[in-house]
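Only one structure is covered here, and it is reproduced in the block below.
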Amino acid sequence: MPSFKRIPDAGNLTGKVALVRVDFNVPMENGLVTDDTRLRAAIDTVQSLRTAGAKVALLAHFGRPKGERVAEMSLAPIAGAFAKVLGANVSFIADCKGEHVKQAIADLPPAGVILLENTRFHKGEEKGDAELAKEIAALGDIYVNDAFSAAHRRHVSTAVLADLLPAYAGMTMEAELDALDKALGAPVRPVMAIVGGAKVSSKIDLLKNLVSKVDMLAIGGGMANTFLAADGVNVGKSLCEHDLAGTVREIQSAAKASGCEILLPRDVVVAKEFKANAENRTCGLNDIAADEMVLDAGAETIRYLTDALSRAKTVIWNGPLGAFELTPFDTATVKLAEAAATLAKSGTLVAVAGGGDTVAALNHAGVAGDFTFVSTAGGAFLEWMEGKELPGVTALLK
Ligand code: AMP
């Protein structure tokens, strides 16, 4: 288990100010929040700090204003939306540093909540600037980071503040770190990784890290074509990175050296057009015609991977196994997701998944809720799967 401090370790916080980094980078249309998942994710942390007696000053970014004040990227409309899900008043102040912000926090009632303006309106935020960090740290007594999704950045509000104030993981961060630790840090073996998606080139680091850590690596989606082609399979006009045969060899030999079995498709679903309900057929690997493209894994592959899954105790999943947005090329992704969800529900499998398209694919399969944990953090989740250090997490471990 990672040894970071959690909110209960902070003890009684009566009269103290907690600076809390949250992820409020929510989708908005015409000034209204269209999906409040991220707002709801902050509730537990905010309420537990209020219960401990603290005033809560929320730090967040919105969009990419690049150090300028951009009116459309103000967090002002989010304060009301958060107040609604929290069921308490949330005030707003149009900056995140300075005497007037300090005064606004002082003026809050006990256990009051205030949202500070977009941290990225200051150039120093993304640079991790020490001066800006000092000014923001002066507003609070403790720092709580609840934004795992921004933990791959060493920004003032995501990491540097932890050097200046007693630092704690918020409850959403805590849940994420605990789940990730169960999947790759100290997992119950055998561990199976399922990696799909379009291209090997965007996941080279991820594949190299995984083969050193997991017992089985199933490769699906467009990237499986690159692996098959490197093994001499004619993949027709499939999405395929033929120039990456050398990289595939490197990944294969690293896997062999660390005892990781790579599981590739054994049969495929092919079509001549990349569109929903395109005429298609299932065929063996040596039977793909020059004008056909592989859009999904076939039934034999689904059985092969489901069987591997039933031998695993832990699965970590990123990327769809086919062009899942187009029916019926979502079949392998949906079937395997259902199998993982059933095993997770019965308690025999720890099933962790993450990354943008993966969350969409699991939602499409209707099983995201049955997984042990589904991370909605895109970049941070992938960098963690790549084995990279996440500055926001490292800062909490000090
Ligand atoms: P990624 O962002 O790398 O996880 O890739 C996800 C995308 O890969 C999705 O939009 C899928 O439609 C696409 N994809 C998966 N398998 C295939 C395939 N066999 N051919 C073309 N696109 C695919």
Side-chain angles (χ1 to χ4, degrees), residues 5 7 9-25 39 42 45-62 65 67-69 73-76 78-79 82-83 86 88-147 150-151 153-173 391-392 395-396 398:
K5 283 188 281 181
I7 293 171
D9 299 326
N12 188 334
L13 293 170
T14 306
K16 302 269 200 248
V17 175
L19 293 175
V20 184
R21 180 51 156 101
V22 288
D23 179 1
F24 278 2
N25 199 24
L39 303 185
T45 291
V46 171
Q47 292 299 42
S48 66
L49 288 164
R50 297 177 74 209
T51 306
K55 291 180 180 179
V56 176
L58 299 166
L59 295 163
H61 79 275
F62 187 75
E68 307 291 335
R69 281 191 171 267
M73 294 182 198
S74 170
L75 282 169
I78 313 266
F82 184 55
L86 187 68
N89 280 334
V90 176
S91 39
F92 174 78
I93 181 137
D95 207 341
C96 65
K97 65 173 185 119
E99 270 315 307
H100 62 303
V101 179
K102 194 161 189 143
Q103 191 56 51
I105 296 172
D107 291 344
L108 288 174
V113 183
I114 185 167
L115 174 61
L116 313 188
E117 182 58 287
N118 195 340
T119 51
R120 289 190 185 170
F121 281 2
H122 292 285
K123 285 202 166 61
E125 161 73 339
E126 295 190 57
K127 292 184 183 143
D129 178 66
E131 200 47 48
L132 178 64
K134 233 191 274 171
E135 288 179 285
I136 297 180
L139 301 172
D141 301 292
I142 67 166
Y143 165 69
V144 177
N145 189 350
D146 210 21
R153 314 272 185 228
R154 187 170 163 78
H155 295 174
V156 166
S157 70
T158 62
V160 184
L161 288 177
D163 298 340
L164 303 177
L165 292 171
Y168 303 86
M171 292 164 84
T172 297
M173 171 75 91
L396 293 177
K398 275 187 199 142

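All values below were derived from every heavy atom in this structure, side-chain atoms included, with hydrogens, water molecules and symmetry-related copies excluded.
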Where at least one partner belongs to residues 155-170, residue pairs that pass side-chain hydrogen bond (donor to acceptor under 3.5 Å, both in side chains), sequence neighbours excluded: R21-S157, E125-S157, R154-D163, D163-K398
Kindly give the heavy-atom pair with the smallest separation between F62 and F24, and that separation in Å. CD1-O, 3.7 Å
Give me the atom names and distance for the closest heavy-atom approach of A79 to F92. CB-CB, 3.9 Å
Distance, nearest 0.5 Å, that separates CD of E126 from OG1 of T119: 8.0 Å
Between D146 and T45, is there a donor-acceptor pair closer than 3.5 Å when you use the side chain of the first and the backbone of the second? no
Give the minimum heavy-atom separation between A159 and Y143, together with the two atoms involved. N-OH, 3.8 Å
Measure the spacing between SG of C96 and CG of L58 and express it to the nearest 0.5 Å. 12.5 Å
Sequence neighbours excluded, the answer for side chain to side chain donor-acceptor pair (under 3.5 Å) partners of D9 is none
Give the C-alpha distance, both sets of side-chain angles, the deciding distance and a yes or no for side chain to side chain contact (heavy atoms under 4.5 Å, CB included) between I142 and L165. CA-CA 5 Å; I142 67 166; L165 292 171; 5.6 Å; no
Could you pull out the closest heavy-atom pair between A133 and V160, with the gap in Å? CB-CG1, 3.6 Å
Any idea which heavy atoms bring K97 and L132 closest together, and the distance? CD-CD1, 3.6 Å
Which atom pairs, one a donor and one an acceptor, fall under 3.5 Å between side chains of residues 102-117 and the rest of the protein, sequence neighbours left out?
residue : atom : partner : partner atom : Å
K102    : NZ   : A138    : O            : 2.8
Q103    : NE2  : D107    : OD1          : 3.0
E117    : OE1  : L75     : N            : 2.8
E117    : OE2  : S74     : OG           : 2.7

Working to the nearest 0.5 Å, report the span between CG of D23 and NE2 of H61. 6.5 Å
Partners of K5 by side chain to side chain donor-acceptor pair (under 3.5 Å), sequence neighbours excluded? none
Would L139 and V17 count as a side chain to side chain contact (heavy atoms under 4.5 Å, CB included) here? Give the steps. CA-CA 8 Å; L139 301 172; V17 175; 5.7 Å; no
Non-neighbouring partners of Q47 that pass side chain to side chain donor-acceptor pair (under 3.5 Å), sequence neighbours left out: R50
Under 4.5 Å between any side-chain heavy atoms of L49 and M171, yes or no? no
Supply the atom-to-atom distance H100 NE2 to I93 CD1, rounded to the nearest 0.5 angstrom. 5.0 Å
In Å, rounded to the nearest 0.5 Å, how long is the span from CG of N145 to CG of L19? 11.5 Å
Can you measure from CD (E131) to NE2 (H122) and round to the nearest 0.5 angstrom? 12.5 Å
Which residues pass the side chain to side chain donor-acceptor pair (under 3.5 Å) test with K123, not counting sequence neighbours? E68
Closest contact, heavy atoms only, V90 versus A83: CG2-CA, 3.6 Å
Verdict with supporting geometry, L59 and L161, side chain to side chain contact (heavy atoms under 4.5 Å, CB included): CA-CA 11 Å; L59 295 163; L161 288 177; 3.6 Å; yes
